[in-house]
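Step one of this worksheet: look at the structure below.
For this chain, numbers begin at 1 and follow the sequence in order.
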Amino acid sequence: MRVICLKPNDKLYSCQSYLILGDWNRLEDVNTLIDAGVDNFVLQEIARISTGVGKSAVDQILLTHSHFDHAAGSCMIQEAYRSRVRAFAPLAYVDEVLRDGETVRCGDRDFRVIHSPGHSNDSVCLYCEQERVLFSGDTPLVIRTAGGAYTLSFVQVLELLAGLKIDTVYPGHGTPMTAHIRAMILQTLKNVRSSVVCD
């Protein structure tokens, strides 16, 4: 599996998009864009990447959630590559709704969909056990202090993530995190539990 961090449009507020490819660009690999950003800016970068002969550069777009900075460019990229858009929320431009716990193929690896309400009700994380990587979208994994209010479902998501073997987190904004992932999630969980937790 190859993960390519695509440069976002620095003139607009946009998310970090990622292109997942198989190691050998085989026909059966599912070229996958994680989050589309606000416009078609990433198309310029994708066009310069070797994504395989005789196949679409982007077979599918997986949205970690439907906020504008992650999803607004979906239709433009969908039109350019005839990609399928998959998301947890049943929006007009979504071809297939993701379900918590289902397995999706990205590149040449299988990913587990983890519904992770906390940032938004339709947020998901995507986890590959084989590669020990997590695409977290905007799910807040770094909460440095106690305070505020959180839902019980968010606590449960943090508990689940803390039990996974994760070497790299690809967040919706910023650079990948590669050190002390479990300790970071456990500290966040501790701070959340010390805050107000509602059903």
Side-chain angles (χ1 to χ4, degrees), residues 3 5 8 13-18 20 32 34-38 61-72 74 85-94 96-104 106 109-199:
V3 178
C5 301
Y13 180 73
S14 189
C15 72
Q16 176 63 61
S17 299
Y18 303 95
I20 303 177
T32 301
I34 306 292
D35 288 334
V38 297
I61 302 166
L62 298 184
L63 300 177
T64 60
H65 61 296
S66 60
H67 286 173
F68 181 83
D69 56 319
H70 291 252
S74 297
V85 178
R86 305 173 75 183
F88 195 80
L91 305 169
Y93 56 86
V94 171
E96 185 177 341
V97 174
L98 297 172
R99 299 181 313 276
D100 182 44
E102 81 168 289
T103 299
V104 297
C106 300
R109 295 290 185 265
D110 289 330
F111 280 76
R112 174 183 169 190
V113 176
I114 300 171
H115 183 216
S116 53
H119 176 72
S120 67
N121 288 335
D122 68 331
S123 286
V124 295
C125 293
L126 300 160
Y127 173 65
C128 178
E129 181 178 17
Q130 188 174 358
E131 298 284 344
R132 294 179 148 190
V133 302
L134 181 79
F135 290 86
S136 61
D138 286 355
T139 299
L141 300 183
V142 183
I143 298 174
R144 302 185 191 283
T145 58
Y150 301 93
T151 62
L152 179 59
S153 60
F154 179 55
V155 173
Q156 292 168 339
V157 167
L158 290 176
E159 290 171 343
L160 187 156
L161 295 178
L164 300 178
K165 295 177 179 178
I166 303 171
D167 292 337
T168 304
V169 173
Y170 293 97
H173 299 271
T175 57
M177 296 177 273
T178 58
H180 313 296
I181 303 299
R182 186 166 188 271
M184 173 188 74
I185 295 173
L186 287 172
Q187 184 61 53
T188 292
L189 179 58
K190 178 181 177 182
N191 289 334
V192 167
R193 282 176 172 158
S194 299
S195 306
V196 175
V197 177
C198 314
D199 286 337

Over all heavy atoms of both residues, which pair between [X] and [Y] is shortest? Give the atoms and the distance, please.
X: Ile20; Y: Ile34; result: CD1-CG1, 3.8 Å
X: Val157; Y: Pro117; result: CG2-CD, 4.2 Å
X: Pro140; Y: Gly118; result: CD-C, 4.4 Å
X: His67; Y: Ser120; result: NE2-CB, 3.7 Å
X: Gly37; Y: Ser14; result: CA-OG, 3.3 Å

Measure the spacing between [atom1] of [X] and [atom2] of [Y] and express it to the nearest 0.5 Å.
X: Ser123; Y: Ile114; atom1: OG; atom2: CD1; answer: 12.5 Å
X: Leu62; Y: Phe111; atom1: CG; atom2: CZ; answer: 9.0 Å
X: Lys190; Y: Ser195; atom1: NZ; atom2: OG; answer: 12.0 Å
X: Ser66; Y: Leu91; atom1: OG; atom2: CG; answer: 5.0 Å
X: Arg99; Y: Phe88; atom1: CZ; atom2: CZ; answer: 10.0 Å
X: Phe154; Y: Thr188; atom1: CZ; atom2: OG1; answer: 7.0 Å

Heavy-atom side-chain proximity of [X] to [Y] below 4.5 angstrom:
X: Phe135; Y: Val3; result: yes
X: Leu63; Y: Ser74; result: yes
X: Cys106; Y: Leu126; result: no
X: Val38; Y: Tyr13; result: no
X: Thr64; Y: Ser136; result: no

Can you check whether [Y]'s main-chain N or O pairs, donor with acceptor, with [X]'s side chain at less than 3.5 Å?
X: Asp138; Y: His119; value: no
X: Asp35; Y: Cys15; value: no
X: Asp110; Y: Thr103; value: no

*Report the residues that fulfil side chain to side chain donor-acceptor pair (under 3.5 Å) with Glu96, sequence neighbours left out, ordered by chain and then residue number.*
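Applying side chain to side chain donor-acceptor pair (under 3.5 Å) to Glu96 gives Arg84, Arg86.
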*Using side chain to side chain donor-acceptor pair (under 3.5 Å) as the criterion, list what pairs up with Thr139, not counting sequence neighbours.*
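Ser116.
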*Which residue pairs satisfy the salt bridge (charged side-chain N to carboxylate O under 4.0 Å, His left out) criterion with at least one member in residues 174-186, sequence neighbours excluded?*
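Applying salt bridge (charged side-chain N to carboxylate O under 4.0 Å, His left out) to every pair that reaches into residues 174-186, excluding sequence neighbours, yields nothing.
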*Listed by chain and number, what are the side chain to side chain contact (heavy atoms under 4.5 Å, CB included) partners of Glu131, not counting sequence neighbours?*
Met1, Arg109, Cys128, Val133
Name every donor-acceptor pair, under 3.5 Å, that has one atom in a side chain of residues 159-177 and the other anywhere in the protein, sequence neighbours excluded.
| from | atom 1 | to | atom 2 | distance (Å) |
| --- | --- | --- | --- | --- |
| Glu159 | OE2 | Arg193 | NH2 | 2.7 |
| His173 | NE2 | Asp69 | OD2 | 3.0 |
| His173 | NE2 | His70 | NE2 | 3.3 |

*asked:* Check this for me: Glu102, atom CD, are more than 12 non-hydrogen atoms of other residues, nucleotides or ligands nearer than 6.0 Å?
replied: yes
*Which pairs, with at least one residue in residues 178-198 and sequence neighbours excluded, count as a ring-ring contact (aromatic ring centres under 6.0 Å, His included)?*
none
